[in-house]
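Structure first, commentary second.
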Amino acid sequence: MRRGREEGEALLLAPLLVFIAFLGLTAVGAEDPYIYFTWKVTYGTISPLGIPQQAILINGEFPGPNINSTTNNNIVVNVFNNLDEPFLFTWNGIQQRKNSWQEGTAGSNCPIPPGQNYTYHFQVKDQIGSFVYFPSLGMHRAAGGFGGLRVNSRLLIPVPFADPADDYTVLIGDWYTKSHKILAKLLDSGRTIGRPAGVLINGRSGKDSTGKDDPPLFTMEAGKTYRYRICNVGMKVTLNFRIQSHSMKLVEMDGSHTMQNVYESLDIHVGQCLSALVEATQAPKDYYMVASSRFTKYTLTASGLIRYAGSNTPPSQDLPAAPVGWAWSFNQWRSFRWNLTASAARPNPQGSYHYGSIDITRTIKLVNSVGHVNGKRRYALNAVSHQDTATPLKLAEYFGIADKVFKYNIIGDDPPASTAPIKIAPNVMNATFRNFIEIIFENPERSMQAYHLDGYSFFPVGMGHGKWTPQSRKTYNLLDTVSRHTIQVYQRSWSAIMLTFDNAGMWNLRSELWERRYLGQQLYISVLSPARSLRDEYNMPEKALICGDVVNLPRPPSYV
């Protein structure tokens, strides 16, 4: 087996030029294989915590189907929206090089209207690793519609570990039994969605209504090694993951190979993914894998069975305990290191990019806050709470009417005083194309944070307690921090990232805690190339959905 490529590869020899002409796309050469999916998005009734509730299903599945791709594949997903409200998917961690048209957020795309379809077409260009997709509009994420997205290494690119016997996707996350519409109404009324009702592993809590274990999720054969891709697809809670009587060798995080340290448990923050190798070296029987809440006053736990082939011995009921405290988690983060000798999606070593020796051209400091506007709760970054617009920001910019839809840079690179009132407005920052920028996330609150940036991976160079100061740079890891797309910020702490803004487009920077994002804790970063050139950005697809103030406008001249 070679990274599970059997799924979808039978479809790779489609007539590419005809298909490209049909879609009106000029982005990708014919040498890159295509894989196709047709997804019907519907409501359905599920009871993962024993309470019937409405969920969002993909082809009748919860969680949704796994996308199994290989570096540079073109992924074509025809989405039919059979819900009663507009809908979009976003592809968390896929960089969409030069192609924010396919990002699937309210700032980059018109939503798919009820009863209509839209075909996403994007390339997993020069990427490997473990990712997820999920709905991006409203509170849809609380209703399901999520699934795993793998990008396997090409056959010619060496991988720093032997092929596993099998490759398993493990989607863990907190879960609410209230519908996404009720949760949205709570937030719109100024209230909070409160604590989750439980935790799920691949859509299950691990027990049925009588307390009996669910059927095994995975099977292992004694003596073999398996890859587990573990992603936190929840709404707000960091989860600790562990496997009874088994250790985990970390090999990949958010699309980057890591130094292969061994862990008994791993903290996985909302929006993050990692891969670990697990050796089946124990006595043949059943074992629990466990996901439980971290940094909360309450404890929520889910379990799932792993069965050794041929076993009929039940698992021990003594579940492994979770670690305690944020310092343990912080120290675990410090132990993560990039594997500088491993090839990535290209044959050159990852470590050939010496980020620590590049001059910083700009420092942006973002402080999260919570307050009330007109008596209702809002979340903000630098005292601005983002509000989506009827015309997607990217379309307004592309059609030359940005000044009618939003204003650039209504926040500065430094936060205002903590007493500044929160303003509700579209929040868009400009970043100079190809500049190397430092972003500081400062979290003065008692709760965890996690931030994601679409379109990029970045270098999380430092973390610390309290407030960030320029002296904090002395603690940065400028050699081998793991390149990622989502980073946690601990309570009353800061995290620092660095990246080059070399991917032209309109990109969402958001809190991955969905209640906070829904109420404004996000912004968009506009990265414009000085030249209208296909070298830097693709044209808007011919079949792109059009909405808002650009409906009757002539299409701008194509990039050349």
Side-chain angles (χ1 to χ4, degrees), residues 1-10 35 37 61 63-71 73 124 127-133 146-155 157-172 200-204 206 213-233 241-255 257-258 260 262-263 265-266 268 273-291 302-313 315 342:
M1 188 191 100
R2 184 66 176 177
R3 300 291 183 275
R5 290 180 177 79
E6 66 278 1
E7 296 178 27
E9 290 198 330
I35 54 177
F37 301 89
E61 298 180 28
N66 197 50
I67 293 179
N68 197 21
S69 66
T70 298
T71 300
N73 279 178
V124 286
Q127 288 189 259
I128 56 97
S130 308
F131 309 96
V132 294
Y133 63 85
F146 52 75
L149 200 169
R150 304 177 186 176
V151 185
N152 304 297
S153 294
R154 292 178 289 168
L155 289 173
I157 306 300
V159 175
F161 51 88
D163 282 349
D166 214 331
D167 193 328
Y168 296 135
T169 294
V170 186
L171 303 178
I172 61 176
L200 303 183
I201 301 177
N202 284 5
R204 305 179 186 179
D213 286 327
D214 287 332
L217 290 171
F218 307 112
T219 300
M220 300 196 299
E221 292 186 26
K224 295 185 177 181
T225 300
Y226 295 80
R227 180 174 183 171
Y228 286 81
R229 300 174 187 258
I230 310 145
C231 299
N232 188 335
V233 294
F241 182 83
R242 52 216 185 264
I243 300 176
Q244 196 175 48
S245 302
H246 292 74
S247 57
M248 296 175 286
K249 182 184 288 185
L250 185 67
V251 295
E252 176 256 333
M253 305 178 77
D254 287 351
H257 293 306
T258 65
Q260 296 179 13
V262 176
Y263 300 90
S265 71
L266 288 157
I268 306 174
C273 291
L274 55 81
S275 290
L277 299 180
V278 177
E279 296 182 17
T281 58
Q282 301 301 306
K285 55 182 265 187
D286 290 357
Y287 295 89
Y288 285 117
M289 52 182 173
V290 183
S303 61
L305 283 182
I306 298 174
R307 174 163 292 170
Y308 274 56
S311 165
N312 56 10
T313 303

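The shown structure was predicted, so the numbers you read here are calculated from the model rather than taken from an experiment. Just so it is clear, the values below take in all heavy atoms, side chains as well, and ignore hydrogens, waters and symmetry mates. Numbers for residues simply follow the sequence, beginning at 1.
- Under the rule for a side-chain hydrogen bond (donor to acceptor under 3.5 Å, both in side chains), the partners of Thr169 that lie at least two apart in sequence or sit in another chain are Arg150.
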Exercise for the section: Go through Ser275 and Arg227 one step at a time and tell me if the side-chain hydrogen bond (donor to acceptor under 3.5 Å, both in side chains) criterion holds. Expected result: CA-CA 7 Å; Ser275 290; Arg227 180 174 183 171; 3.1 Å; yes
Exercise for the section: Please assess Tyr287 against Val278 for the test side chain to side chain contact (heavy atoms under 4.5 Å, CB included), listing each intermediate value before the final yes or no. Expected result: CA-CA 12 Å; Tyr287 295 89; Val278 177; over 6 Å; no
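- Between the CG atom of Asp163 and the CG atom of Asp167 there is a distance of 9.5 Å, given to the nearest 0.5 Å.
- In this structure, Lys249 places its NZ atom where only 12 or fewer heavy-atom neighbours from other residues, nucleotides or ligands lie under 6.0 Å away.
- Partners of Tyr263 under the ring-ring contact (aromatic ring centres under 6.0 Å, His included) rule, at least two apart in sequence or in another chain, are Phe336.
- Looking at Val170 and Tyr228, their side chains come closer than 4.5 Å, going by heavy atoms from C-beta outward.
- The side-chain hydrogen bond (donor to acceptor under 3.5 Å, both in side chains) test applied to Thr225 returns no partner, not counting sequence neighbours.
- Qualifying salt bridge (charged side-chain N to carboxylate O under 4.0 Å, His left out) partners for Lys224, counting only residues two or more places apart in sequence or in other chains: Glu221.
- Scanning for side-chain contact (heavy atoms from CB on, under 4.5 Å) contacts around Ala302 gives Val199, Ile201, with sequence neighbours left out.
- Arg204 pairs by the salt bridge (charged side-chain N to carboxylate O under 4.0 Å, His left out) definition with nothing, not counting sequence neighbours.
- One distance of note links SG of Cys273 with CD1 of Ile172; it measures 9.5 Å at 0.5 Å rounding.
- To the nearest 0.5 Å, atoms CG (Asn73) and CG (Asn152) are separated by 8.5 Å.
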Handout entry: Candidate pair Phe131 and Val124, rule side chain to side chain contact (heavy atoms under 4.5 Å, CB included), full reasoning
Key = CA-CA 11 Å; Phe131 309 96; Val124 286; over 6 Å; no
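- Put simply, the side chain of Tyr308 gets close to the backbone of Gln282: a donor and an acceptor are under 3.5 Å apart.
- The backbone N or O of Leu250 lies less than 3.5 Å from a partner atom in the side chain of Thr258, making a donor-acceptor pair.
- Scored by the side-chain contact (heavy atoms from CB on, under 4.5 Å) test, Pro216 finds Leu305, Arg307 as partners (sequence neighbours excluded).
- Residues that satisfy the side-chain hydrogen bond (donor to acceptor under 3.5 Å, both in side chains) test with Tyr226, not counting sequence neighbours, are absent from this structure.
- Contact check for Gln244 versus Asp286: no side-chain heavy atoms found under the 4.5 Å cut-off.
- Residues Tyr288 and Asp213 meet the side-chain proximity criterion, which asks for heavy atoms closer than 4.5 Å.
- Residues Leu171 and Asn202 form a side-chain contact, since some pair of their non-hydrogen atoms from C-beta on lies under 4.5 Å apart.
- Distance check, rounded to the nearest 0.5 Å: CD1 of Ile128 to OG of Ser69 gives 11.0 Å.
- Qualifying salt bridge (charged side-chain N to carboxylate O under 4.0 Å, His left out) partners for Glu279, counting only residues two or more places apart in sequence or in other chains: none.
- Partners of Asp214 according to the salt bridge (charged side-chain N to carboxylate O under 4.0 Å, His left out) rule, which considers only residues two or more places apart in sequence or in another chain, do not exist here.
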Practice task
Before giving the answer on side chain to side chain contact (heavy atoms under 4.5 Å, CB included), spell out for Asp166 and Met220 the whole-Å C-alpha distance, their side-chain angles and the decisive distance to 0.1 Å.
Solution key: CA-CA 8 Å; Asp166 214 331; Met220 300 196 299; over 6 Å; no
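- Scanning for ring-ring contact (aromatic ring centres under 6.0 Å, His included) contacts around Phe241 gives an empty result, with sequence neighbours left out.
- Residues Val159 and His257 approach most closely at CG1-CE1, 4.3 Å, considering heavy atoms.
- Under the side-chain contact (heavy atoms from CB on, under 4.5 Å) criterion, Thr219 pairs with Ala309, sequence neighbours left out.
- Here Ile306 contributes atom CD1 and Ser311 contributes atom OG; the two are 12.0 Å apart, rounded to the nearest 0.5 Å.
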Problem - Worked verdict on Met289 versus Met248 for side chain to side chain contact (heavy atoms under 4.5 Å, CB included) - result: CA-CA 12 Å; Met289 52 182 173; Met248 296 175 286; over 6 Å; no
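- With hydrogens and angles disregarded, a donor-acceptor distance shorter than 3.5 Å links the side chain of Gln260 to the backbone of Pro160.
- The structure places CZ of Arg242 at 12.0 Å from CD1 of Ile230, a figure rounded to the nearest 0.5 Å.
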